[in-house]
Amino acid sequence: MRRVGLAALFVCGCASYSGPRSTAAPPSASPSYSAQSTAREYPVSVGGASGGAQSLQPGLSVAPSTPSYSLQGGVDDGGGDEARREAAITRWEAQLQRGRDELAATATQCRVICMAASNVCTATREICRLTGDLIAGVARDPRCARARSACVDAGRRRDGACPVCPER
Amino acid sequence: MSARPLPLLALLLALAFGACTEQRDAPRVDEATMAVLGTARALHHEADVYEGAGDFARASQAMERVLALRLPASFAGAEDVRADAWGRLAELDLRRGDPDRALDRVDEALAATRLESVLQARLYMVRGQSLRALADRAAGARDEAAAARRRDEALAALERSIAINERILRRLTPGSAR
């Protein structure tokens with residue numbers, strides 16, 4: 001689907017408006033800084049320590065990219081260690097951000113899906129009222145029959161993609 | 001709260017989708033645009049309050065203020081913000097028992113809405129609802145010819161609304177075949 005920059009910004013904390021990232025040195029320089037502290041900052045858990053892809057929502061997963069070494073040191077105690085930690089943290093932050101983006105996109109997509117499905121059924125009621133087929137049962141008018149079929153299909157699609165519609 | 005068929009409170013919200021997906025790499029929304037969007041959102045909330053209290057006139061005024069907002073031409077969501085406000089305004093007209101005005105509003109909005117979206121589909125739905133109300137009125141006045149014409153127009157608008165929403169649903173849920 002196209003465009004619309006708006007409200008993600010309000011609703012979903014979409015990455016497209018996450019504000020400039022701080023360039024200040026993260027606490028990563030400290031040996032005590034660990035992935036757990038990042039996870040606390042970001043309530044979304046992605047690509048856990050096991051390195052396996054972790055499903056965020058049905059059909060939505062994030063590929064693992066957990067660094068293969070500890071942030072708390074251990075692989076290399078030489079001069080490049082700190083730079084590697086920084087790089088690892090940067091990758092993790094990017095991965096977390098991607099996870100947040102996907103969750104936000106999914107939530108917003110569900111708003112659209114739920115709205116479209118609901119509107120199909122509202123229009124169906126209007127059509128069947130106009131054709132005199134308001135009472136449930138076999139529709140006499142093909143337009144009402146088509147609309148009812150569209151409403152059923154829209155409901156299926158909504159239930160498949162968004163079992164729970166987002167609240168306002 | 002509103003009796004609208006769907007929580008359209010801030011459709012502002014609903015279509016952020018684009019920003020979070022296809023437009024992920026698009027330029028960020030600048031601060032001035034954010035401020036305008038924040039105002040639009042606040043006005044939708046204001047309209048909710050008035051609508052909930054049955055004050056449709058003031059709710060409409062809030063939506064008219066949304067339409068008066070100046071969104072940068074470069075902002076891709078501007079059309080949606082306006083289509084949302086137009087649609088809500090027309091729904092408010094319907095609730096106030098003024099289908100003529102509702103129809104005028106949706107026709108004006110549809111003339112200015114180029115992109116296919118749930119908001120455009122909603123405009124067609126409100127068009128259908130307005131025409132149905134006009135058909136009822138014509139039937140009440142025993143003008144059967146006008147009533148039949150309005151009913152046909154209403155059916156066409158409603159079917160078009162369904163067709164748009166079906167295409168959107170198919171795009172967003174490609175794996176959920178009938």
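Since the structure is predicted, the reported quantities are computational estimates derived from the model, not experimental observations. Letters A, B, ... mirror the listed sequences (proteins, then strands); counts begin at 1. What you see below is based on every heavy atom in this structure, not just the backbone, and it leaves out hydrogens, waters and symmetry mates.
The SG atoms of A/Cys162 and A/Cys114 are placed at least 2.5 angstrom from each other. The SG atoms of A/Cys165 and A/Cys110 lie 2.5 Å or more from each other.
With A/Arg140 contributing its side chain and A/Gly132 its backbone, the two residues share a donor-acceptor pair below 3.5 Å.
Exactly one of B/Arg122, B/Arg167, B/Arg160 qualifies for a salt bridge (Lys or Arg N to Asp or Glu O under 4.0 Å) with B/Glu116. That residue is B/Arg167.
Chosen from A/Leu130, A/Thr131, A/Val120, A/Val152, the residue pairing most often with chain B at heavy-atom distances under 4.5 Å is A/Leu130. Between chain A and the residues B/Arg151, B/Arg132, B/Glu159, the most heavy-atom pairs under 4.5 angstrom are made by B/Arg132.
Neither the backbone nor the side chain of A/Arg158 has a heavy atom closer than 4.5 Å to any heavy atom of chain B.
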